[in-house]
Amino acid sequence: MRTDKWLWAARFFKTRSLASDALDGGKIKINGVTAKRSKEVKSGDTLHIRAGEQEWEVVVRGLNDQRRPAPEAQLLYEETAQSRQRREESLALRKLAPTPGEDLRGRPTKRDRRELERFWS
């Protein structure tokens, strides 16, 4: 089965084109080697997937040509314990960090606009 199709069916990416873009960008590794879209995925392969801020390391357990509901898609892979621990730690750190722009309220004032103009010129 093609890698881009498996990533889409396992619900790591919303569309096959997003999965293909990730493969082209070198964000997916199969057994430690950067993968291409047409690379075949087999049961037992180890995939390292980076999508946005999240990273997974999974072992392929099954293949499916169709995109099924999430509970069924989760049966296609098994996440490693190290990967799960790293994701939980990064989630906890993100929860503690302040949200960007949290202190901004409403539209910028005239004073804010003038400060921006001074900054950009």
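Pairs engaging residues 88-99 under the salt bridge (Lys or Arg N to Asp or Glu O under 4.0 Å) rule: E53-R94 [sequence neighbours left out]. Sorted by first and then second residue, the ring pair (Phe, Tyr, Trp, His ring centres under 6.0 Å) pairs involving residues 97-120 (not counting sequence neighbours) form an empty list. The stretch residues 3-17 participates, sequence neighbours left out, in these salt bridge (Lys or Arg N to Asp or Glu O under 4.0 Å) pairs: R2-D4, D4-R16. Residue pairs meeting the salt bridge (Lys or Arg N to Asp or Glu O under 4.0 Å) criterion with at least one member in residues 56-71, sequence neighbours excluded, are E57-R86, R61-E78, R68-E72. For the ring pair (Phe, Tyr, Trp, His ring centres under 6.0 Å) condition, the pairs that include at least one residue of residues 74-117, sequence neighbours left out, are F12-Y77.
Other residues sharing the hydrophobic cluster of L75, ordered by chain and number and joined by side-chain separations under 4.5 Å: none, the residue standing alone.
At least one side-chain heavy atom of L47 sits less than 4.5 Å from a side-chain heavy atom of V60. Side-chain contact between F13 and I49: present, with at least one pair of heavy atoms (C-beta onward) separated by less than 4.5 Å.
For R107, there are no side-chain contact (heavy atoms from CB on, under 4.5 Å) partners, not counting sequence neighbours. In this structure D24 satisfies the salt bridge (Lys or Arg N to Asp or Glu O under 4.0 Å) test together with R37, sequence neighbours excluded. Under the rule for a side chain to side chain donor-acceptor pair (under 3.5 Å), the partners of E55 that lie at least two apart in sequence or sit in another chain are H48. S90 meets the side chain to side chain donor-acceptor pair (under 3.5 Å) test with no other residue; sequence neighbours excluded. The salt bridge (Lys or Arg N to Asp or Glu O under 4.0 Å) test applied to R113 returns E117, not counting sequence neighbours.
Proximity of a side-chain donor or acceptor of D112 to a complementary backbone N or O of T109 within less than 3.5 Å is detected. With W8 contributing its side chain and S17 its backbone, the two residues share no donor-acceptor pair below 3.5 Å.
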What pairs of donor and acceptor atoms, side-chain ones from residues 25-32 against any protein atom, are under 3.5 angstrom apart with sequence neighbours left out?
residue: N31; atom: OD1; partner: T46; partner atom: N; Å: 2.9
residue: N31; atom: ND2; partner: D45; partner atom: OD1; Å: 3.3

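Taken from CG in L63 to CD in E40, the straight-line distance is 9.5 Å, to the nearest 0.5 Å. Rounding to the nearest 0.5 Å places OG1 of T34 at 10.0 Å from CG of L23. Rounded to the nearest 0.5 angstrom, W56 CH2 and R87 CZ are separated by 6.5 Å. Rounding to the nearest 0.5 angstrom, the gap separating the CG atom in L93 from the CG atom in L96 is 6.5 Å.
Contact detail for A73 and A9: the closest heavy-atom pair is CB-O, 3.6 Å.
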